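Everything numeric here is computed off the predicted structure, so don't read it as measured data. Numbered from 1 within each chain, the chains take letters A, B, ... in sequence-line order.
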Protein chains: 2
Amino acid sequence: MELSKFLASLIPFKPDELQDIVSHFEKENIPKNTMLIEQGQVSKKLYFIENGMGRSYYLKEDGKEVTQWFFGVGKFMSSVDSFFQQIPSIYYLEILEDSTVYSISNENMDLLFYKYHKMEKLGRLVSIEMLTKVVNKLNAIQFQTARERYEYMLAEFPDISYRVPLGHIASYLGMTQETLSRIRK
Amino acid sequence: MELSKFLASLIPFKPDELQDIVSHFEKENIPKNTMLIEQGQVSKKLYFIENGMGRSYYLKEDGKEVTQWFFGVGKFMSSVDSFFQQIPSIYYLEILEDSTVYSISNENMDLLFYKYHKMEKLGRLVSIEMLTKVVNKLNAIQFQTARERYEYMLAEFPDISYRVPLGHIASYLGMTQETLSRIRK
DNA sequence: AACCGTTTTTGACATAAGTCAAAAGAAAAC
DNA sequence: GTTTTCTTTTGACTTATGTCAAAAACGGTT
């Protein structure tokens with residue numbers, strides 16, 4: 001999904017506004033398995049996924065990867081607190097498939113927020129949407145059996161569920177790979 | 001914490017702006033055990049807690065209450081998606097102690113967002129803060145033992161942990177009351 | 001201070017999911 | 001097309017937490 005289409009679908013920007021806003025982003029092609037940011041670094045960019053997909057994950061003390069979120073087409077991908085508060089990231093951001101993304105720097109983002117009231121509103125709407133989704137996941141994780149959690153996954157990320165390694169999904173859902181493998185049958 | 005102090009701590013509002021904004025809120029005293037909104041209703045108001053505390057919860061199919069969040073002093077309390085999208089609430093909002101709150105209607109909130117760019121920014125900042133906290137809880141719930149989850153609770157809500165019934169905390173943490181009781185020793 | 005209702009604790013047992021280890025299957029590299 | 005590496009499945013056993021039920025502790029009210 002194109003960035004300008006996405007923006008216009010949320011807020012009625014004028015054509016010249018839209019053009020100005022999009023011009024602050026940079027379109028990039030990113031090959032699979034690219035790390036956009038590593039744990040401990042301060043995130044410099046926010047990404048919008050036109051095509052492809054990625055995930056955020058962190059490492060537990062024992063070194064195991066825990067997938068924290070999947071980012072599909074038409075979503076913003078970032079290490080939220082690192083990007084907006086410019087603090088070291090807890091998460092790795094990884095591109096999982098060859099992807100086309102629009103990236104924007106923190107400075108440019110602030111500039112747009114400052115310049116366009118509507119952009120600030122868009123930021124608020126996107127944040128609240130994300131908040132709602134995280135709350136949904138929380139409810140799934142907290143009070144559902146492993147089987148129901150997998151069903152939540154299929155509902156929330158229908159397109160992604162079949163494209164990533166089992167282990168990524170298992171850790172996303174808070175269960176072991178073995179358990180997920182048993183459930184899928 | 002006073003509303004105006006809280007607002008000013010996040011964004012440098014001018015005195016007259018601050019006064020205008022606060023005038024759109026209504027200060028109310030609410031006795032404990034009051035239900036601010038019930039499951040299925042559309043949330044008409046957003047609340048800022050000057051003093052006291054509340055929680056949001058929902059009912060599982062088997063009728064058990066599940067605490068979803070606690071709201072303490074200096075926080076906004078709402079059924080986020082119901083208030084902002086004006087859809088039926090999944091949650092109950094309950095005041096747990098005699099409280100003083102500032103409430104604002106959805107229309108007035110929109111009006112403030114529209115009138116003040118800075119207010120929109122505040123909305124974004126508050127949303128992202130909440131998002132970060134929910135993600136924290138998610139990580140605690142997802143990958144920690146019951147004992148560690150209780151420690152997360154003490155860290156996140158130090159003031160609240162000793163003021164609410166055990167059952168509320170247990171369901172908030174995704175465990176049974178019996179388990180929590182055993183842990184606390 | 002004795003009573004009643006609510007909340008918390010304790011006990012015995014059940015179970016979903018985790019752990020460890022190895023085999024089978026798929027994908028990538030040569 | 002064969003080898004190597006990575007991913008998924010299967011099996012046997014362990015464990016943390018849940019369930020159900022009853023007893024104890026607490027808090028408010030008369």
Student: Under a 4.5 Å cut-off applied to non-hydrogen side-chain atoms, are B/Met53 and B/Arg163 in contact?
Tutor: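 The answer is yes; the side chains approach within 4.5 Å.
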Student: Any Lys/Arg nitrogen of B/Glu120 or B/Arg124 sitting under 4.0 Å from an Asp/Glu carboxylate oxygen of the other?
Tutor: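 No, B/Glu120 and B/Arg124 are not salt-bridged.
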Student: To the nearest 0.5 angstrom, please state how far the CG atom of B/Leu46 sits from the CG atom of B/Leu36.
Tutor: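 Taking CG in B/Leu46 and CG in B/Leu36, the distance rounds to 11.0 Å.
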Student: Going by ring pair (Phe, Tyr, Trp, His ring centres under 6.0 Å), name the pairs with one or both residues in residues 102-121 of chain B, residues two or more places apart or in two chains.
Tutor: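 Of all non-adjacent pairs touching residues 102-121 of chain B, those that pass ring pair (Phe, Tyr, Trp, His ring centres under 6.0 Å) are A/His117-B/His117.
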Student: Reading DNA chain C from 5' to 3', where do the contacts with chain A start and stop? Cut-off is 4.0 Å to heavy atoms.
Tutor: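 First and last nucleotides in contact are C/dA17 to C/dA21.
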Student: Between atom CD in A/Gln142 and atom P in D/dG18, what is the gap in whole Å?
Tutor: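 After rounding, the gap between these two atoms is 11 Å.
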Student: Does B/Tyr57 sit in a hydrophobic cluster with other residues, and if so which ones, taking ILVMFWY side chains as linked at heavy-atom separations under 4.5 Å, directly or through other members?
Tutor: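 In the cluster with B/Tyr57 are B/Met35, B/Leu59, B/Tyr92.
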Student: Please state whether the base of D/dG11 and the side chain of A/Arg182 form at least one donor-acceptor pair under 3.5 Å?
Tutor: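 Check passes, donor-acceptor contact within cut-off.
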Student: Please enumerate all residues that pass salt bridge (charged side-chain N to carboxylate O under 4.0 Å, His left out) together with A/Glu65, with sequence neighbours excluded.
Tutor: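 Once residues adjacent in sequence are excluded, the partners of A/Glu65 under the salt bridge (charged side-chain N to carboxylate O under 4.0 Å, His left out) criterion are A/Arg55.
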Student: Who passes side-chain hydrogen bond (donor to acceptor under 3.5 Å, both in side chains) against A/Glu151, sequence neighbours left out?
Tutor: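 By the side-chain hydrogen bond (donor to acceptor under 3.5 Å, both in side chains) rule, A/Glu151 matches no residue at all.
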Student: Side-chain contact test, heavy atoms from C-beta onward, threshold under 4.5 Å: evaluate it for B/Gln68 versus A/Val135 and give yes or no.
Tutor: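 When only atoms from C-beta onward are counted, A/Val135 and B/Gln68 do touch, with a gap below 4.5 Å.
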Student: Any idea which heavy atoms bring A/Gly174 and A/Ile141 closest together, and the distance?
Tutor: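 For A/Gly174 versus A/Ile141, the nearest heavy atoms are N-CD1, 4.4 Å.
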Student: Which letter, B, S or -, goes with each nucleotide of nucleotides 25-30 of chain D from 5' to 3', with contact meaning a protein heavy atom under 4.0 Å?
Tutor: ------
Student: Using a 4.0 Å cut-off on heavy atoms, which residues in residues 143-157 of chain A reach DNA chain D? List them by number, or say none.
Tutor: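 Per residue number, the list is empty: none.
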Student: Can you sort out the partners of A/Glu17 under side-chain hydrogen bond (donor to acceptor under 3.5 Å, both in side chains), two or more places apart, ordered by chain and number?
Tutor: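 A/Glu17 satisfies side-chain hydrogen bond (donor to acceptor under 3.5 Å, both in side chains) with A/Lys118 once adjacent residues are dropped.
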Student: Specify the separation, in whole Å, of atom CD of A/Glu65 and atom P of D/dC6.
Tutor: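 Whole-Å distance recorded here is 13 Å.
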Student: Taking five pairs at each end, how big is the angle between the two axes of the helix from C/dA1-D/dT30 to C/dC30-D/dG1, to 10°?
Tutor: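 The angle, to the nearest 10 degrees, is 50°.
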Student: With sequence neighbours excluded, what pairs up with A/Tyr172 under the ring-ring contact (aromatic ring centres under 6.0 Å, His included) test?
Tutor: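 By the ring-ring contact (aromatic ring centres under 6.0 Å, His included) rule, A/Tyr172 matches A/Trp69, A/Phe70, A/Phe157.
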Student: What residues in residues 163-181 of chain A put a non-hydrogen atom under 4.0 Å from any atom of DNA chain C?
Tutor: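 Result for residues 163-181 of chain A: A/Gly174, A/Met175, A/Thr176, A/Glu178, A/Thr179, sorted by number.
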Student: Which value, rounded to the nearest 0.5 Å, describes the distance between B/Met119 atom CE and A/Lys121 atom NZ?
Tutor: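 That separation rounds to 14.0 Å.
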Student: Just wondering, do A/Met130 and A/Phe76 contact through their side chains at under 4.5 Å, heavy atoms?
Tutor: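 Result no, sub-4.5 Å side-chain heavy-atom pair not found.
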Student: Any ring pair (Phe, Tyr, Trp, His ring centres under 6.0 Å) pairs touching residues 14-37 of chain A, not counting sequence neighbours?
Tutor: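 Checked against ring pair (Phe, Tyr, Trp, His ring centres under 6.0 Å) - neighbours excluded - no pair reaches residues 14-37 of chain A.
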Student: Taking the side chain as every heavy atom from C-beta outward, state whether B/Asn51 and B/Ser99 have any pair of such atoms under 4.5 Å apart.
Tutor: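 They are not in side-chain contact.
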